[in-house]
Number of protein chains: 2
Amino acid sequence: MSDQAKFQKTADFLCCMDCIGFNLRKANRAVSQLYDEMLRPTGIRGTQYSLLVVLKIVGPVLVTELAEKIVMDRTTLSRNLEVMEKQGLVSVTPGEDRRTRKVMITEMGSAVLSDAYPLWQRAQAKIRESMGEERLQSLMADLSALIEISQVD
Amino acid sequence: MSDQAKFQKTADFLCCMDCIGFNLRKANRAVSQLYDEMLRPTGIRGTQYSLLVVLKIVGPVLVTELAEKIVMDRTTLSRNLEVMEKQGLVSVTPGEDRRTRKVMITEMGSAVLSDAYPLWQRAQAKIRESMGEERLQSLMADLSALIEISQVD
DNA sequence: CTTATAAAGGAGTATATACACATATTTTCA
DNA sequence: TGAAAATATGTGTATATACTCCTTTATAAG
């Protein structure tokens with residue numbers, strides 16, 4: 001190993017294939033495509049479906065509150081909501097505090113959500129049946145742990 | 001439950017919080033931010049780091065080949081490579097088959113990769129130490145299984 | 001050998017993501 | 001009370017992602 005430029009051999013990077021980020025992104029791409037494909041007849045994507053679900057459950061909520069709840073950058077959420085507002089799925093109104101904006105699901109959003117629910121179930125069931133309940137719970141716990149660890153910063 | 005519009009009660013959607021896609025995206029956001037933050041001094045992101053690693057290991061490769069290898073849409077990869085080519089990290093040259101384009105890491109790409117390696121290690125170690133080796137292996141296996149399941153379509 | 005089909009890739013469009021910076025309010029505190 | 005700090009949000013910019021449609025080139029069928 002006299003060549004300084006080759007101090008890092010190709011083989012040294014083999015361990016990088018076990019990168020958590022890389023493998024998480026990879027799985028995310030594949031899984032998101034599965035949900036998106038199932039939801040296609042409804043015109044919404046997986047991200048939008050999840051947002052509608054959260055809004056349905058928690059009710060009217062401020063943007064920053066919601067962003068923290070779903071571990072999403074505030075500005076990312078804003079941009080996503082912007083699209084959904086144009087589509088009539090959510091409404092954004094001024095909050096009591098004049099700095100804030102209150103987000104809620106619309107009637108139309110609720111209707112689309114109801115249509116999407118059985119399609120979402122199909123995607124969810126496909127994974128659940130292949131993985132098994134126990135393994136799925138373990139995976140969910142691991143994902144929560146990852147968030148915990150990554151956010152400590 | 002006489003109201004047809006409320007056939008789907010709010011509580012019915014509680015199970016949707018266990019959506020694999022939702023939780024995977026959430027974890028992906030958190031973890032990607034961790035790697036991106038660690039890699040910031042190098043000027044590249046986690047996605048670019050992983051691409052450089054793969055290119056370093058597999059050598060010159062066609063776009064579609066590479067896309068399949070890393071479970072990434074062909075057009076997504078193209079767009080990512082476009083940015084990296086402008087930055088001088090990779091080179092894209094015509095293949096023997098005149099339809100194809102051959103991608104490879106540049107000297108500069110290799111240099112940046114070597115600089116990034118210890119920073120990547122720090123991020124990887126942070127997660128590894130918190131999760132434990134055994135749990136990490138289980139997670140990796142689960143992510144592989146998810147890809148397997150989602151791609152069967 | 002010509003035509004039909006398949007394969008590889010590019011371009012247009014749209015959503016998803018997040019950082020840095022700027023603006024508008026509210027709250028705190030001297 | 002009035003200035004400073006904190007809070008909530010918007011904007012500009014850039015990467016990441018993927019679908020649809022299109023062009024170029026190679027291969028297969030007749």
Side-chain angles (χ1 to χ4, degrees), chain A residues 21-22 24-37 39-41 43-51 61-68 70-87 89 92-103 150-151 153, chain B residues 21-22 24-37 39-41 43-51 61-68 70-87 89 92-103 150-151 153:
Chain A
F22 177 53
L24 207 51
R25 274 194 304 276
K26 203 159 58 165
N28 187 40
R29 285 193 294 267
V31 170
S32 286
Q33 275 184 75
L34 172 64
Y35 283 92
D36 285 352
E37 186 179 333
L39 291 173
R40 190 151 309 147
I44 63 171
R45 314 266 301 267
T47 303
Q48 299 179 328
Y49 178 81
S50 296
L51 268 176
V61 65
L62 305 184
V63 175
T64 300
E65 262 177 7
L66 181 55
E68 276 165 13
I70 62 178
V71 192
M72 183 180 277
D73 185 89
R74 178 183 59 75
T75 66
T76 300
L77 177 58
S78 279
R79 295 275 151 86
N80 291 352
L81 289 174
E82 205 176 334
V83 172
M84 294 172 74
E85 194 183 13
K86 275 178 196 156
Q87 295 170 344
L89 300 171
V92 185
T93 55
E96 299 86 51
D97 182 333
R98 279 192 298 169
R99 291 170 299 183
T100 66
R101 309 229 297 152
K102 198 172 49 182
V103 187
S150 303
Q151 280 195 317
D153 311 331
Chain B
F22 176 53
L24 207 51
R25 272 194 305 276
K26 205 160 56 167
N28 187 41
R29 284 193 295 266
V31 170
S32 286
Q33 275 183 77
L34 172 64
Y35 283 92
D36 285 351
E37 186 180 333
L39 291 173
R40 191 153 308 149
I44 62 171
R45 315 265 300 267
T47 302
Q48 299 179 328
Y49 179 81
S50 296
L51 268 176
V61 64
L62 305 184
V63 175
T64 300
E65 261 177 6
L66 181 55
E68 276 165 12
I70 62 178
V71 191
M72 183 181 276
D73 184 272
R74 176 182 62 75
T75 66
T76 300
L77 177 58
S78 278
R79 294 278 150 85
N80 291 351
L81 289 174
E82 206 177 333
V83 171
M84 294 173 75
E85 194 184 13
K86 274 178 196 154
Q87 296 170 344
L89 301 171
V92 184
T93 55
E96 299 88 52
D97 182 332
R98 280 192 296 169
R99 289 171 301 183
T100 66
R101 309 230 297 153
K102 201 171 49 183
V103 187
S150 303
Q151 280 195 318
D153 312 330

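Labels below follow one simple rule: chain letters A, B, ... track the order of the sequence lines, proteins then strands, and each chain is numbered from 1.
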Nearest of [options] to any side-chain atom of [X]?
X	options	answer
B:R25	C:dT17, D:dG10, D:dT17	C:dT17
A:Q33	D:dA18, C:dT15, D:dA8	D:dA18
B:T47	C:dT13, C:dA8, D:dA16	D:dA16
A:T76	C:dG9, C:dA18, D:dT9	C:dA18
A:R79	C:dG10, C:dT26, D:dT13	D:dT13

Closest heavy-atom contact between [X] and [Y]?
X	Y	result
A:L39	A:I44	CB-O, 3.4 Å
A:V71	B:A30	CG1-CB, 4.3 Å
A:V31	B:S150	CG2-OG, 3.4 Å

Protein-nucleotide distance ([X], atom [atom1]; [N], atom [atom2]), rounded to Å:
X	N	atom1	atom2	value
A:M72	C:dC19	CE	P	13 Å
B:R98	C:dG9	CZ	P	15 Å
B:D97	C:dA7	CG	C1'	8 Å
A:R29	D:dT17	CZ	P	5 Å
A:D36	D:dA16	CG	P	19 Å
B:D73	D:dT17	CG	P	10 Å

Exercise. Are the side chain of B:Q48 and the backbone N or O of B:R45 linked by a donor-acceptor pair below 3.5 Å?
Worked result: yes
For this session: Please state whether the phosphate of C:dT15, meaning OP1 or OP2, lies under 4.0 angstrom from any side-chain nitrogen or oxygen of A:Q48.
Result: no
Exercise. So, is B:T75 near the phosphate of C:dG10, with a side-chain N or O under 4.0 Å from OP1 or OP2?
Worked result: no
Problem set entry | 5′-ward residue of the pair B:V71/A:E82 relative to DNA chain D | A:E82
For this session: Please tell me which of B:R45 and A:E68 maps to the more 5' nucleotide of DNA chain D, matching each residue to the nucleotide holding its nearest heavy atom.
Result: A:E68
Problem set entry | Close side-chain approach of B:R101 to B:L81, heavy-atom, < 4.5 Å | no
For this session: Report which part of the nucleic acid B:S32 touches: base, sugar-phosphate, or nothing (heavy-atom distance under 4.0 Å, all strands).
Result: nothing
Problem set entry | Base C:dA24 paired with A:R99 side chain (donor-acceptor, <3.5 Å) | no
Exercise. Want to settle it: does B:E65 or A:R74 sit nearer the 5' end of DNA chain C, counting the closest nucleotide to each?
Worked result: B:E65
Exercise. B:R101 or A:N80: which one's nearest nucleotide on DNA chain C is closer to the 5' end?
Worked result: B:R101
